[in-house]
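Source: prediction; values computed, not measured. Numbers restart at 1 for each chain; the letters A, B, ... are given by sequence-line order, proteins then strands.
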Amino acid sequence: MRVTTSFPLGTLRDTPSEAEIISHKLLLKGGYIRRINSGIYAYMPIMLRVIEKISNIIEKELNNTNCSKLLLPQLHPAELWKKSERWEGYTAGEGIMFNLKDRQGKEFGLAPTHEEVITSIASEIINSYKQLPLCFYQIQTKFRDEIRPRFGLMRSREFIMKDAYSFHSSKKDLSSFYEKMEKAYENIFKNCGLNTVGVDADSGAIGGAASKEFMVTADSGEDSILFTESGSYAANIEKAVSLASKEIPLKKFHDEWIETPNQKSIFDICQNNNLDASQIVKVVIFIAKFEDKSEIPILACIRGDQNINEVKLFNLINKKYNSNLIHLKIVEDNSIINNNTTNFPLGFIGPDINDETIKINSNWEKSWLRIVDYSASSLSIFVSGGNKANFHKVFQTFSFIKEKFLISDIRNAKKGDLINIESNEELKEKRGIEIGHIFQLGQKYSEKLNAKFSDKDGQLKNLWMGCYGIGVTRIAQAAIEQNHDENGISWPIQISPFEILIIPTNLKDPIQKKLTEEIYKEFKSNKIDVLLDDRDDRAGVKFKDADLIGIPFQIIIGRDSINNEVEFFSRSRKSKIKIASKNLLDKFISESKVMYNKNS
RNA sequence: CGGGGCGUGGCGCAGCUUGGUAGCGCGGGUGCUUUGGGAGCACUAGGUCGCAGGUUCGAAUCCUGUCGCCCCGACCA
């Protein structure tokens, strides 16, 4: 390709002010993407080449894993999503599905994911266990109405994703295929030249049993990963389980009541009463809203120095009430408290506050769902709210509390925690960018959508399913986050828009021009992805652009053309060598081979 | 959703406090010179100052409304 005739670069002198993180800045400055609206981007020709390289790597690996590629519609009828009981959750409230009505008034959603569509197709084409296992995948644009789009392609409202869905006759077959996919994913990311780490993850709104996320580690990542140095454990913070640090034992208080005027926070109470946060049980109030519009008030109790993990709490409640929980929200607004409760001194609530505090005319269920984290339930003596304004109380363990409560893990693991009793290994923390996620869905969707097959025993059974996603555009940006320097991007060669860039410094010189054309032709005829910067610009301009767009190798044609010599520059190593033009192709082949093999 | 910030040529910004009819750098075009790390000089094109009302003789500037974008937060010390 020639820059002047077929491949305009569109690099910018200044970075648009909207960008915050380096990869986003470089994508904009390098002319890879252009913002059309919040979270909506155009992929320019140079970007599309990156996307296609990534797609090809994915395609090759999945085809080797016996997956078949197809293309599904993006406009989904509401009825399909109502069958899986996801329509409400995905459209109402903070739902992320764009939705619309056609001229007949029929409702549609713009696909954020494709379980419904693929499952309904599978139910039609799969009749017998003999056809299984099967796995379909596609690479296409997904739409998600994110609460807050940000960081360019990292969290955009329109993005390219590879999604795959597998179908099985047994749980066992699903989990063995899941393992194959895990392996395929590792290969894909390695073949993209990325360093990734696989972590245990929450399966979130998609639902299902086992689930693993693949993370590119980067400081700008939106997720927290907890892991052990030895690699024995790695999990997303949403999912991570650990042992809370030991509490500082509370000395016996002679008084049951502690006067705590205006001391509503853990910090205030500790400061004023010579207590440690680990000696206090804090009670956080949530309201759980269900699909059938019912609302259950929650008292979540946890040791004062620990934090509640809302994802764990959500999943726990969801499971208890058969998956109809839409929304879980902290209640801290006084007006909500006043409208629904009576005699409820916010800031001084204890785990034993009685059910009569909920007003008769409130929408809320008339008893508190009390959930106690292990960190709190294991305390033999602790301080908590006295259920009386300006008073806290000393409790002698939860077993003395007459109200019913549920004990579970609703705590955020944190760095420094031990992973379990037997091990001395401490958790460390890093930020990560989620670029892939695999799930064992089980039979959740096949049940709801009535997707059955005839098994060996002649019985109709629900299909077992897995689903597997990769953020294609997110990989591109994550790769930059991992591979850049002060001058710009430095692509891994596997996903670079071109393998090599030819920079003639002065095309008015007929000798340089002739040599440039010869080299360009030679590379092209050897099927090498080569870009020729044939612009009539000063050398400095081309060098700056070259470093910015980050193609891994540059050939600089200049003064030494007269001796048939050029320079060969490695972007990542920043090393420049002089070389005879006849040896150039061999040099490139051997150098690029090293680079291709380094990560794959 | 809550809080903060910002909307002025393609990009980055100034001007707004104290109203007088829009400016700088980069980028674009033309010409000459230059030519190995974002060249110099000269000329030049390009903006209903986000939008709508209002105040005023006069509004980018003041007032009201509205739309959009960006950032932070959404149990916490």
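Distance alone, capped at 3.5 Å, places no donor-acceptor pair between the A:E213 side chain and the A:H437 backbone. Using a distance-only test at 3.5 Å, with no hydrogens or angles considered, a donor-acceptor pair links the side chain of A:N236 to the main chain of A:E238.
Among B:G73, B:G36, B:C69, the nucleotide with an atom closest to any side-chain atom of A:R157 is B:C69. Of the candidates B:C75, B:C71, B:U34, B:C71 carries the atom nearest the A:R150 side chain, counting heavy atoms from C-beta on. Checking B:A39, B:G25, B:C75 against every side-chain atom of A:D14, the shortest atom distance belongs to B:G25. Taking every side-chain heavy atom of A:N37 into account, B:C69 is the closest of B:C69, B:G10, B:G36. If you check B:G36, B:G10, B:U35 against the side chain of A:R34, the one that comes closest is B:G10. Residue A:K576 places its side chain closer to B:G36 than to any other of B:G73, B:G36, B:C69. The side chain of A:S17 sits closest to B:C13 out of B:C71, B:C76, B:C13. Closest to the side chain of A:A539, out of B:G36, B:A77, B:C70, is B:G36. The side chain of A:V284 has B:C75 as its nearest neighbour among B:C75, B:C71, B:C13. Among B:C70, B:G36, B:A77, the nucleotide with an atom closest to any side-chain atom of A:F267 is B:A77.
B:G36 atom P lies 15 Å from atom NZ of A:K544, rounded to whole Å. In this entry the distance linking CZ of A:R155 with C1' of B:C70 reads 17 Å, nearest Å. In this structure, CD1 of A:I298 is placed 15 Å from P of B:C75, rounded to the nearest angstrom. When rounded to the nearest whole Å, the span between CE of A:M44 and P of B:C11 equals 13 Å. Atoms CD (A:E567) and C1' (B:G36) sit 8 Å apart, rounded to a whole Å. Between the CD1 atom of A:I36 and the P atom of B:C70 there is a distance of 13 Å, rounded to whole Å. Atom C1' of nucleotide B:A77 and atom CG of A:D305 are separated by 12 Å, given to the nearest angstrom. What separates CZ of A:R559 from C1' of B:G37 is a distance of 11 Å, to the nearest Å.
Searching all strands for a Watson-Crick or G-U wobble partner of B:C1 with both distances below 3.5 Å returns B:G73. Pairing partner, B:C43: B:G29, with both Watson-Crick or wobble hydrogen-bond distances short of 3.5 Å. Base pairing annotation: B:G68 forms a Watson-Crick or G-U wobble pair with B:C6, both donor-acceptor distances under 3.5 Å. Pair assignment for B:C62 gives B:G54, based on Watson-Crick or G-U wobble hydrogen-bonding distances that are each under 3.5 Å.
A:D223 has no carboxylate O lying under 4.0 Å from a charged side-chain N of A:R431, or vice versa, which leaves the two without a salt bridge. A salt bridge links A:D545 with A:R535: the distance from a Lys NZ or Arg NE/NH1/NH2 to an Asp or Glu carboxylate oxygen falls below 4.0 Å. Between A:K29 and A:E18 no salt bridge is recorded (no basic side-chain N to carboxylate O distance below 4.0 Å). A salt bridge does not link A:K366 with A:D355: none of the charged nitrogens is closer than 4.0 Å to a carboxylate oxygen. No salt bridge links A:R559 with A:D509; every basic N to acidic carboxylate O contact stays at or beyond 4.0 Å.
Remark: the separation of the P atoms in B:G40 and B:G20 is 34 Å, to the nearest Å. Distance noted for atom C1' between B:G27 and B:A45: 13 Å (whole Å). Taking the C1' atoms as reference points, B:G47 lies 9 Å from B:A22, given to the whole Å. Separation of the C1' atoms belonging to B:G9 and B:G15 is 16 Å when rounded to the nearest angstrom. Comparing the same atom, C1', in B:G46 and in B:U8 gives a spacing of 14 Å after rounding to whole Å. When the P atom is compared between B:C62 and B:U18, the two are found 9 Å apart, to the nearest whole Å. If you take atom P in B:C49 and the same atom in B:G53, they sit 13 Å apart, rounded to whole Å. Of the C1' atoms belonging to B:A60 and B:A14, the separation is 12 Å, rounded to the nearest Å.
Toward the 5′ end of RNA chain B lies the nearest nucleotide of A:Q512, the other residue of the pair A:Q306 and A:Q512 mapping further downstream. Mapped onto RNA chain B by nearest heavy atom, A:I557 and A:F151 fall at different nucleotides, with A:I557 at the one closer to the 5' end.
Near RNA chain B, defined here as any heavy-atom distance below 4.0 Å, the residues from residues 501-510 of chain A are A:T505, A:K508, listed numerically.
A:K329 comes within contact range of no nucleotide atom at all, as no heavy-atom separation falls under 4.0 Å. As judged by a 4.0 angstrom heavy-atom cut-off over every strand, A:I302 is placed among residues making no nucleic acid contact. Residue contacts shown for A:I266 are absent, as no nucleic acid heavy atom lies under 4.0 Å away.
The shortest distance between side-chain heavy atoms of A:K393 and A:S384 does not fall below 4.5 Å.
When the side-chain nitrogen and oxygen atoms of A:R148 are compared with OP1 and OP2 of B:C72, one or more of them lie within a distance under 4.0 Å.
Smallest separation of non-hydrogen atoms from A:I22 and A:E481: CG2-OE2, 3.4 Å.
Ring planes of A:F395 and A:F382: parallel class, angle under 30° (limits at 30 and 60°).
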